[in-house]
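Remarks on the structure that follows.
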Amino acid sequence: MLRRRVDRTRRIPRIAHRDLAEYVQAYRLVYAATGARVVIDSSKHASLAWCLVTSGVDVHVVHVVRDPRAVAYSWGKAVARPEDGRPMTRWGPARTALHWTAQNAALELLARRGARVTTVRYEDLLATPARTLTELVRELGLTAVPELPFVDGHAAWLGPSHTVSGNPMRFHVGRVELRRDDSWATGLGDGDRRVVNALTWPLRARYGYRRAAG
């Protein structure tokens, strides 16, 4: 597949693949087909951002980061896929920590290369959703609005999603409470915590995740 040849984390140091232009053109066509002035692409991999930026696509990356210990705990849970009930992929703490470090380091490097990257912490978003999103709108250079109609205090109203797979919570429609989940603080074992701490330093400290619960 074209994506497997081009869009890979390990290819970031040599992202200028001979098939890069063809790969990015597919994204350009999809974006253009929407007819929208701004397209929100919820892709999660830093390598795609590198592909798009390297090819000259007008991209502003919103880098959402979460405490790696919470991420490791989440990836270790048994969760059924909403589309067929089969179990979703589970990762161990070491693999999760290495992935977290690689993705965040890649976006840090992309910003140092001059790309527009705005970092938003999960914890800040959950603490003050309206303020955090309003600041993000301004940072992105979009038309500021006096209020966000889909945010009501610590709740949000979600419309239908066009996602075909993923975490079940992405398929929720209607009101959803915005509650910070710190269950990892008591649920993540000491051994797993030490592994994650060792493999995610110093980026973990850079994002302010020093204390037990971030």
- prompt: Would you call Glu139-Arg116 a salt bridge at under 4.0 Å N-O?
  reply: no

field: Heavy atoms of other groups near Arg175 CZ, more than 12 under 6.0 Å
entry: yes

message: Could you tell me if the side chain of Val137 sits less than 4.5 Å from the side chain of Leu142, heavy atoms only?
response: yes

field: Test item: Tyr209 and Leu203 side chains (from C-beta on) under 4.5 Å apart, heavy atoms
entry: no

- prompt: Is there a side-chain contact between Trp184 and Val71, using heavy atoms and a 4.5 Å cut-off?
  reply: no

task: Begin from the C-alpha positions of Lys77 and Ser183 and carry the test side chain to side chain contact (heavy atoms under 4.5 Å, CB included) through to its verdict.
output: CA-CA 12 Å; Lys77 291 180 179 179; Ser183 57; 4.0 Å; yes

Min side-chain heavy-atom separation Val24-Leu52 under 4.5 Å: yes

task: Give a yes or no on this: more than 12 heavy atoms of other residues, nucleotides or ligands lie within 6.0 Å of atom CG of Leu29.
output: yes

- prompt: So Trp91 and Trp75, would you call those rings parallel, tilted or perpendicular, with 30° and 60° as cut-offs?
  reply: parallel

field: Criterion side chain to side chain contact (heavy atoms under 4.5 Å, CB included) on Arg179 and His154, from CA distance to verdict
entry: CA-CA 7 Å; Arg179 297 192 304 269; His154 279 77; over 6 Å; no

task: Indicate yes or no: at least one non-hydrogen side-chain atom of Leu107 is less than 4.5 angstrom from one of Arg112.
output: no

field: Val59-Val62 co-clustered via ILVMFWY side chain contacts under 4.5 Å
entry: no

field: pair Arg95-Arg90: side-chain heavy atoms closer than 4.5 Å
entry: no

Reported OH-to-CZ distance for the pair Tyr23 and Arg4, which is rounded to 0.5 angstrom: 11.0 Å

task: Looking only at non-hydrogen atoms, find the nearest pair between Ala106 and Ile12 and report the distance.
output: CB-CD1, 3.6 Å

- prompt: Can you tell me if Arg121 uses its side chain to pair, donor with acceptor, with the backbone of Tyr207 under 3.5 Å?
  reply: yes

Sidechain-backbone polar pair: Glu177 side chain, Ala155 backbone, donor-acceptor under 3.5 Å: no

statement: Heavy atoms of His17 and Val6 approach each other most closely as ND1-CG2, 3.9 Å

- prompt: Got a second to check how far Leu199's CG is from Arg204's CZ, nearest 0.5 Å?
  reply: 10.0 Å

- request: Please step through salt bridge (charged side-chain N to carboxylate O under 4.0 Å, His left out) for the pair Asp67 and Arg210, ending with a clear verdict.
  value: CA-CA 9 Å; Asp67 192 310; Arg210 298 183 178 88; over 6 Å; no

query: What is the minimum heavy-atom distance between Val196 and Ala97, and which atoms define it?
result: CA-CB, 4.1 Å

statement: Which of Arg5, Arg3, Arg11 passes salt bridge (Lys or Arg N to Asp or Glu O under 4.0 Å) with Asp19? Answer is Arg5

query: Between Pro68 and Thr96, is any pair of side-chain heavy atoms under 4.5 Å apart?
result: no

query: Do Leu133 and Leu125 come close enough that some side-chain heavy atom pair is under 4.5 Å?
result: yes

- prompt: Taking only residues at least two apart or on different chains, which pairs with a member in residues 21-31 satisfy salt bridge (charged side-chain N to carboxylate O under 4.0 Å, His left out)?
  reply: none

query: Heavy-atom count around Trp201 CH2 within 6.0 Å, excluding the residue itself: above 12?
result: no

message: Taking Ala70's backbone N and O only, do any of them form a donor-acceptor pair with Ser74's side chain (distance below 3.5 Å, no angle check)?
response: no

query: Can you name the closest pair of heavy atoms from Asn104 and His63 and give their distance?
result: OD1-NE2, 2.5 Å

task: Consider only side-chain N and O atoms of His60 and Thr118, and report whether a donor and an acceptor are under 3.5 Å apart.
output: yes

Under 3.5 Å donor-acceptor, Thr34 side chain and Ala36 backbone: yes

field: Between CH2 on residue Trp50 and OG on residue Ser55, distance to nearest 0.5 Å
entry: 12.5 Å

message: Let me confirm one number: the OH-CG distance from Tyr73 to Asp181, rounded to the nearest 0.5 Å.
response: 8.0 Å

message: If you count every heavy atom of other residues, nucleotides or ligands that lies below 6.0 Å from Lys44 atom NZ, does the total exceed 12?
response: no

query: What are the two closest heavy atoms between Ala46 and Gln103, and how far apart are they?
result: N-OE1, 2.8 Å

query: For Tyr122, what residues pass the ring-ring contact (aromatic ring centres under 6.0 Å, His included) criterion, not counting sequence neighbours?
result: none

Val39 with Val117, same ILVMFWY side-chain cluster at under 4.5 Å: yes

Pair Ser47, Asp7: side-chain N/O donor-acceptor within cut-off below 3.5 Å: yes

Short N-O contact, Asp124 and Arg180, less than 4.0 angstrom: no

- prompt: Within a radius of less than 6.0 Å around CZ of Arg113, do more than 12 heavy atoms belonging to other residues, nucleotides or ligands occur?
  reply: no

field: Leu110 versus Val61, closest heavy-atom pair with distance
entry: CD2-CG2, 4.3 Å

- request: Return yes if some donor-acceptor pair links the side-chain N/O of Asp192 with the main-chain N/O of Leu188 below 3.5 Å, else return no.
  value: no

